[in-house]
Amino acid sequence: MAAVTFPKTSTASVIDLEDVSIGYGRDAPPVLVDVNLSVERGSFVAIVGPSGVGKSTLLRVVAGLHSARGGGVTIHQDQRPGHRPVGLVFQDSRLLPWRRVIRNVEFGLEGLPVSRDERRSRAEAALKLVRLDGYARRWPYELSGGQRQRIGIARAMAVDPDILLMDEPFGALDAITRHNLQDELRRIHQETGKTVLFVTHDLEEAVHLADRIIVLGGTPARVVRDVRNSAGRDGSVFRDQVEQLRSEIADNYSI
Amino acid sequence: MAAVTFPKTSTASVIDLEDVSIGYGRDAPPVLVDVNLSVERGSFVAIVGPSGVGKSTLLRVVAGLHSARGGGVTIHQDQRPGHRPVGLVFQDSRLLPWRRVIRNVEFGLEGLPVSRDERRSRAEAALKLVRLDGYARRWPYELSGGQRQRIGIARAMAVDPDILLMDEPFGALDAITRHNLQDELRRIHQETGKTVLFVTHDLEEAVHLADRIIVLGGTPARVVRDVRNSAGRDGSVFRDQVEQLRSEIADNYSI
Amino acid sequence: RAADPVKLEIGYIPILAASPLFIVDGQGWAKDAGIELKLTRFESGPHAIQAMAAGKIDLLYAGVAPVLVARTKGVDISVIANSAVEEMVVAARGPFAKAMGATPTAESFKKFAADTGRKPKIGTQPPGSVPDTVLKHWLFKVVKVDPADVELVPMGIEKTQQALLAGALDAATIREPTVTVTQQMDPNVALLATGAQMFPDQPGTVVAARAEVLKKNPDAIKALVKAHIRAVDLIAKDPAGSAKIVNNYLGKGLMEPATLEAAFKGPGSKFVADPHKVVPAVEQMMAYTKEIGSATETVPVAEAFDFSFYDAAAK
Amino acid sequence: MKTYNKIALSALGVIVFLLAWEAVARSGVVPARLLPSPSAVPAAFLTEFKSGIWQAMVLASLSHYLVGLSLGTFLGVSFGTAAALWGKWDAFQAWVVRMLRPIPAIAWIPFAIIWFGVSEGAASFLISLTVFWINYYASYAAVRGVDKDLIELGYAFGQGGLIPRLFKIILPGALPGILSGVRAGLGQGWMTVVAAELFGISGLGMRMMEASGLLATHIVVLYMVTIALLYGVSDFLFMQVQSRVLSWQR
Amino acid sequence: MKTYNKIALSALGVIVFLLAWEAVARSGVVPARLLPSPSAVPAAFLTEFKSGIWQAMVLASLSHYLVGLSLGTFLGVSFGTAAALWGKWDAFQAWVVRMLRPIPAIAWIPFAIIWFGVSEGAASFLISLTVFWINYYASYAAVRGVDKDLIELGYAFGQGGLIPRLFKIILPGALPGILSGVRAGLGQGWMTVVAAELFGISGLGMRMMEASGLLATHIVVLYMVTIALLYGVSDFLFMQVQSRVLSWQR
Ligand SMILES: Nc1ncnc2c1ncn2[C@@H]1O[C@H](COP(=O)(O)OP(=O)(O)OP(=O)(O)O)[C@@H](O)[C@H]1O
Ligand SMILES: Nc1ncnc2c1ncn2[C@@H]1O[C@H](COP(=O)(O)OP(=O)(O)OP(=O)(O)O)[C@@H](O)[C@H]1O
Ligand SMILES: [Mg+2]
Ligand SMILES: [Mg+2]
């Protein structure tokens, strides 16, 4: 679980993947190969690609949860007291069933040098952010799908990480809630300079939020496209960008 | 688990909800109230509404998995041999972890008067439909999020139901896979005349697929809008319809 | 004999006093008399009595005490012959054995308690059993020990010797063949009192039968008692030969026949087949049991005995 | 189901059971001297209670039981969890455990005597042994079955170290299984109390053996009922606590 | 961990255990007559084997064990599952179970004798009893813990009837917990074999008690080791089967 290096020096790139290949099991063919990716500090990177291409797998490797088969994974991020360097939103919401909502949100704060009161107030703030402040005392099973997903977002936000890894965080949300949270995320990103790695299926969302978009494709998958993006929220530049991505993905659609 | 009536007579409406109110627990306030809904045979109805409004709950009541607190729920559907009257795609994929993919897809066919070979071939066809024919022998934990969701769709398709209840079935899918499956679903709907009840967060998807759109909103939630929809796939009618729905939902957005 | 053999199930406890039964079976005397024996072994008297009360066992080689108790509880069984008397002895080990010397006295008990700062622990079986009664008789009637100077620990038969050898007990009431075995294993184990010293004519193992069986197969029982008498005689005449036969039933592969022979010749082995001879001792013991409060009523002892089979067989 | 319905059903169950027992005892199918009817129990209780024996025996056994139970449960859960967590330790101890596991309480008695003498400690030791094994296996399986995804979640949020992983993920996740072992041990402990008092340690078990030797079956049954009540109450309380602890389970 | 690493570690564990035992036996900490050294076992085995006693006893006990184990496991899983499934039945039997549960094997012996006589059946009955309880509680908890969402899934796909629900959802879902109970019962059965052969039924237990009564401790230890091996092999095989059956568990 610790094939990731955390060097002390702070450089411009926060995440460095060099010739990384990733696979499950010993003998199975690799899922991802030749991944070279260097993410600048403070950038907002979206990852898109067909279902099953390896987006979640890539995120898990960056988070240090899965070791790469080959190549080098480096995270340049110091540990600030009271924060976790990395916060992860899972594709499945993955709440601890034996903790009430508020305690699930506090989970990542435990073990940090943070007082009990601060922990609680940060968790409450995160709950408010995802508009679930009335649900603090519920059990996870008493939530709707979208509510569960938002608790997962709140949990990652509560640790106030420098690197935010999000695996389709808004997938189960209705348009309005989604827009609200997109706006919040954009605001937080701009105000705090967090680095965000964001997996999404919604190309509009990718173009709308990210300043860089990575397209994965092929079997085994590799980075087939890496675009700088500065299309605004609407207008023809935006449309063009989305359409271009769509065809890009379609060309490399194989899974 | 059986508060749903299945009368023998076959009328134009397949699902009839009269003054239904629904809640969890004994004393908690109801989630849905005054739901009056009658779904015509062969129609394609989309249900939209904010996260946590009660869409999944409504589907569970129609499927007979949760009893309504009050009012009448009637399903007018005969049992055809070799088919289930109702097929349900869950919001979470809900696969049986101890069955391989193919056996998960076969699940609903067991107990039907269908030979072992036919069962297998129908399951394989359903797997092919969701483009996962190479994954038959995998365990559920070896799948990506979108793959799991597609197995859930295949399972519901395999029983060839007359009423298809789908709870955000394409939520975790990339644009292309999603479009492919949307087309498949539309084709199946048109060819077989299945009745489809479809929960989605994607208003474009709703307008694109459904011929009727139900908007839920408010606390406790009720049907705030019930629109016939015949906007095509693109063009200004389509856009207008989507925009109108968006504002409709925003007006009744309270959760 | 034209008739089918009579089938009899006999229960026993694996002690030396059951030897006549082993000889009867081993020599084929029962078969000769047209009886088919099935021997069933029990670890303790109570289980055997329970099996008998449930009608699963016809005859039983067991201590006289459980048989009498069973009668008071309405189990219709009678003693038809005796097997052995004066079985229990008191064996001691370690410092306690040394402190007691050749003749234990009340003073030596007191002195041991004073010297070591603890009461000697003596293992025996639960109250109401023969070992407990005769031990108490020896302690409080014969040696006249102050009850405050000893601690009696009731436990199962074979736990007693394990605890003795492990040093958890200072002394214990044991019987053959474990007396011999224990002494062979640990030469420091000394006999403090013989059965006769503990309680003169100390009653021991008897042969008991269910009344129903007695009624149904009087001839077979008579023949069996006859064989039993013959076996008792054989043990006295030929302990070595008997030991070989008995070894097949008792400790086969676990000890040598020589050990059994030594046990037959030791002070803890006295076989008496005549039930008449034990009645007075049993009566005395019953009286004493009541005196020390282990039993609430005295059992009419003579009624528990059915001498007719022995008398007929011994003629 | 409503709570009072449950209580009524339970009471009904006990009544049916007692009536069946009384009927069997009276019918003579089972010899009365082997199975006294339940109506004989109150009288037996009064005698034993007045003489003070009942209280003394209950207290003595209760103390063996509690010590043995806590020790066996604690060690069983600890060793079971440890074996499930560390593959190397598991492999190392697997066959040693297989050799020690089937040794019955009776065979441990000599060791109990050697290590503890004829003392309360020996009885507690024997009780803790059986309780230990049940908890060992239950915990082992429960810890093995903890959702790997949740462990991954722990690593993702800095709770991957041994202590937080153990206390925040593994033990809570394994709790239902562990508690089922504890519950089974609760009863197994009482089953062993009797065997553990067979060698001179006073308590319910010893009194029962004494009474059984004298065929005083009504006394035996009295103590059986006593054990049943003691166990019944503790099991009931345990279930109450468990249903609170596991209230997240639906 | 590689398989051969595992095997090496296990072998190491057993060797360390045997050496420690030999050391204790030789050191005299424990009187030699109470604990023979393991090196005395082969000689004892030869004697017993040549006389044919060993084979006879092993076969006899094995048959009691197998019958008791299968019966106890089957009934325990059945009753535990039933109680977990039907609230009414659960409430009805809850307190009756609480009364019967703590009754030790020894106290059941009279009933075993009454119902089965002094026979193999009685021994199997006693073994099945302890095995029953362990499986009862393990199954109860396991069935209770089955994911309610999966049961709902069953209803949604026409598998809500008792039979399909039970065999397609509940039992597979509860399987890890049930198997942990079966495994614990596997050992508990051997622990009870000895107690079950205390009253005239021949087998390992009886032979051990006989030897123990005559202080032939090397024979006692021989049979302990025999039981350990029999159990060890069956537990090992069980684990192999289990890891195949639960291969979906990651
Ligand atoms: N088991 C439960 N106990 C109590 N409340 C519940 C339970 N399940 C759901 N709820 C509540 O009922 C409401 C409706 O839930 P439901 O799952 O139907 O929402 P939904 O419309 O499907 O939302 P989403 O789009 O997020 O999936 C929510 O507010 C939720 O918190
Ligand atoms: N535990 C596993 N064992 C074997 N293969 C796996 C495992 N987990 C995932 N895979 C395979 O690896 C590939 C990549 O999976 P991953 O979850 O990264 O996809 P994804 O890009 O996140 O897809 P989605 O958009 O559907 O979530 C898939 O083909 C999947 O089947
Ligand atoms: Mg994914
Ligand atoms: Mg929902």
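Keep in mind that the numbers below use all heavy atoms, side chains included, and drop hydrogens, waters and symmetry copies. Everything quoted here is computed from the prediction, not taken from an experiment. Order of the sequence lines sets the chain letters (A, B, ...), proteins ahead of strands, with each chain counted from 1.
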What do you reckon, is [atom1] of [X] surrounded by more than 12 foreign heavy atoms closer than 6.0 Å?
| X | atom1 | result |
| --- | --- | --- |
| E/F74 | CZ | no |
| B/F44 | CZ | yes |
| E/R244 | CZ | no |
| B/E18 | CD | no |
| B/K128 | NZ | no |

Quiz prompt | Interface moiety of B/E142 toward chain E, non-hydrogen atoms closer than 4.5 Å | solution = neither
Practice problem: Counting only heavy atoms closer than 4.5 Å, note whether B/R100 contacts chain E via side chain, backbone, both or neither. | Solution: neither
Self-check item: Closest-packed option against chain B by number of heavy-atom pairs under 4.5 Å, given E/V245, E/L150, E/D149
Solution: E/D149
Quiz item: Can you name the nearest heavy-atom pair linking E/A156 to B/F90, along with the distance?
Solution: CB-CZ, 3.8 Å
Quiz item: Between E/K168 and B/E110, what is the shortest heavy-atom contact and its length?
Solution: NZ-OE1, 2.7 Å
Quiz prompt | E/L175, part contacting chain B, at a heavy-atom distance under 4.5 Å | solution = neither
Quiz item: Given that the side chain runs from C-beta out, which part of E/P172 has a heavy atom under 4.5 Å from chain B: side chain, backbone, both or neither?
Solution: both
Quiz prompt | Separation of B/R94 CZ from E/F157 CZ (nearest 0.5 Å) | solution = 10.5 Å
Exercise. Flag the one option from B/R60, B/R155, B/R99 with the top tally of heavy-atom pairs under 4.5 Å to chain E.
Key: B/R155
Quiz item: Are any of the side-chain heavy atoms of E/E152 and B/L88 separated by less than 4.5 Å?
Solution: no
Quiz item: Do the rings of B/W98 and E/W248 sit parallel, tilted or perpendicular, given the 30° and 60° boundaries?
Solution: perpendicular
Quiz prompt | side chain to side chain contact (heavy atoms under 4.5 Å, CB included), paired with E/L153, selected from B/L65, B/L95, B/L96, B/N104 | solution = B/L96
